[in-house]
Amino acid sequence: MYALIDCNNFYASCERVFNPSLNGRPVVVLSNNDGCVIARSNEAKAIGVAMGAPYFHLKKLFKQYNVKVLSSNYALYGDMSSRVMAILARFTPEIEVYSIDEAFLKFNGFHRYDLHSYGSEIKRTVERSTGIPISIGMAPTKALAKVSNKIAKKFPGQTKGVYVMEDEGKRQKALKWLQIDDVWGIGRQYTKMLQSNNVKNALDFTNLPNEFVRDRMSVVGLRLKRDLEGLETLALEQPENKKAIACTRSFDTMYTELGDLQERISTFASVCGRKLRNQKCNCELIQVFISSNQFREDLPQYHGSISVRLSYPTNSTIHLTKASLVGLERIFRKGHHYKRAGIMVMGLTPDTGRQLNMFRPIDHRQGPLMKAIDRLNLMNGYDLVRFGGMDLERKWKMNRNHLSPNYTTRIDDIIKATS
DNA sequence: TCTGGGGTCCTCCCGCAG
DNA sequence: TCTGCTGCGGGAGGACCC
């Protein structure tokens, strides 16, 4: 059996743990730059706040319903997530942390257990230890555990947040209940295609011929179908090093000058360099992109992107910055208003196994230099040491006008108890 | 005025090598 | 030496997830 554990309205719940005055009140959390709504409490969902809706469209509604608006606080959410995952790992040796607020657990050899009571115990323990409410769905496969989880969430009165799909009757009933656009792995495009073929729910989907699914939705769709049929096809995945690392941002204002973009790209290269070094690997390829504002139809649109291959795999911020600036100069077009930019590093190889270039000798001074810079920055908790191309005057600032304190990761922000 | 960010996997196409 | 077939790898693009 598999279980899918999902934290309810995770970001909003994290905020509520340390600020109980938010209980019972609609709460929303915004994306970077306070752009869109990315998390909603049940109360916010009830007044019709849509996922991904732009903040500036909703300001009036928020005022009307006294909605608490918060900027995203990833330091807090990341720390709360590790606490939840550490507790879940006590209940089974087989766990896959699927996302910041979800984990799959596998119960091999648990046939003597009453899984419903075991699930209730997991739920009680997590909620008591962290304050985060969770829902648990159990079923013979991962895709069905996802379905079970939806049932647990949708019917909290009957399920008390734990649902076990233990027989074929329940599977059929659940798949019939689940609308096709709500199935894990079926996005907008596939929904459109399936609906035009009279597929309304998950059960209709499992009744399609394999050849049709394979042909229209590739092997990914076929695997999903088999998993929904109850045949264990999607296995628990073990964490691996990342295969690509990205740093991209939208800007608070539109840029027209190459110099502004050079500063942003240098900063992104530095972030990617640090992430590569943390993961103890190097990259061979950098992709740089710049984009105009897609929402400004009155302005000419442009999306420029380029891949730059490095002489040898590296994680040196100096090399990464140089290469990405070369790329940027090649894609920059004067006369456009740029709103987004980013870089992605790919072709990652571990420190221990990188292929060097016979004709481009490696600069051995850069490894210790980067290590020293990383240590200085770690000790000071922010970018004390920065490179020339970066924003030395700290002009650029992400909009985070509703940020909560870092209750669990910053000593000055720890809650003080007063009598 | 203001619309996020970071990933994965698969298919298709093309160029290259045997 | 040339041609045609085939397999492989890389890049682009499209689907999806949170």
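Computed over heavy atoms, backbone and side chain alike; hydrogens, waters and symmetry mates excluded. Every chain is numbered from 1, with letters handed out A, B, ... down the list of sequences.
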For this session: Identify the heavy atoms of A:L403 and A:S72 that sit nearest to each other, and give their distance.
Result: CD1-O, 3.5 Å
Exercise. Between C:dT3 and B:dC16, how far is it from one C1' atom to the other, in whole Å?
Worked result: 16 Å
Exercise. The side chain of A:V219 lies closest to which of these nucleotides: B:dT11, B:dC2, B:dC9?
Worked result: B:dT11
Exercise. Any idea which heavy atoms bring A:M165 and A:A174 closest together, and the distance?
Worked result: CE-CB, 3.8 Å
Exercise. Hey, are A:E43 and A:R16 close enough for a salt bridge, meaning a charged N less than 4.0 Å from a carboxylate O?
Worked result: yes
Exercise. When we call it a touch if two heavy atoms are under 4.0 Å apart, what does A:R216 touch: a base, just sugar-phosphate, or nothing?
Worked result: nothing
Seminar exercise, completed: Checking B:dG5, B:dG6, B:dC2 against the side chain of A:C247 (C-beta onward), the nearest is B:dG6
For this session: Classify the side-chain pair A:R226/A:T141 by whether it contains a donor and acceptor separated by less than 3.5 Å.
Result: no
Seminar exercise, completed: Assign each of A:S218 and A:G35 the nucleotide of DNA chain B bearing its closest heavy atom; nearer the 5' end lies the nucleotide of A:G35
For this session: Scan nucleotides 11-18 of chain C nucleotide by nucleotide, 5' to 3', and note B when protein non-hydrogen atoms come under 4.0 Å of the base, S if they reach only the sugar-phosphate, - if neither.
Result: SS--SSSS
Seminar exercise, completed: Picking from B:dC2, B:dT11, B:dG5, the nucleotide nearest the side-chain atoms of A:M254 would be B:dC2
Exercise. Starting at CE of A:M344 and ending at P of B:dC9, how long is that distance when rounded to a whole Å?
Worked result: 13 Å
For this session: Quick one: closest heavy-atom pair of A:T206 and A:K225, and the distance?
Result: O-CE, 3.2 Å
Exercise. Distance between the C1' atoms of B:dG4 and C:dC17, in whole angstroms?
Worked result: 15 Å
Problem set entry | A:K60 NZ to B:dT1 C1', straight-line distance once rounded to whole Å | 17 Å
Exercise. Does A:F251 have its ring centroid less than 6.0 Å away from the ring centroid of A:Y338?
Worked result: no
For this session: Would you mind telling me which of B:dT3, B:dG4, B:dT8 lies closest to the side-chain atoms of A:A244?
Result: B:dT8
Problem set entry | Nearest-Å distance for atom pair CG/P, residues A:N399 and B:dG5 | 11 Å
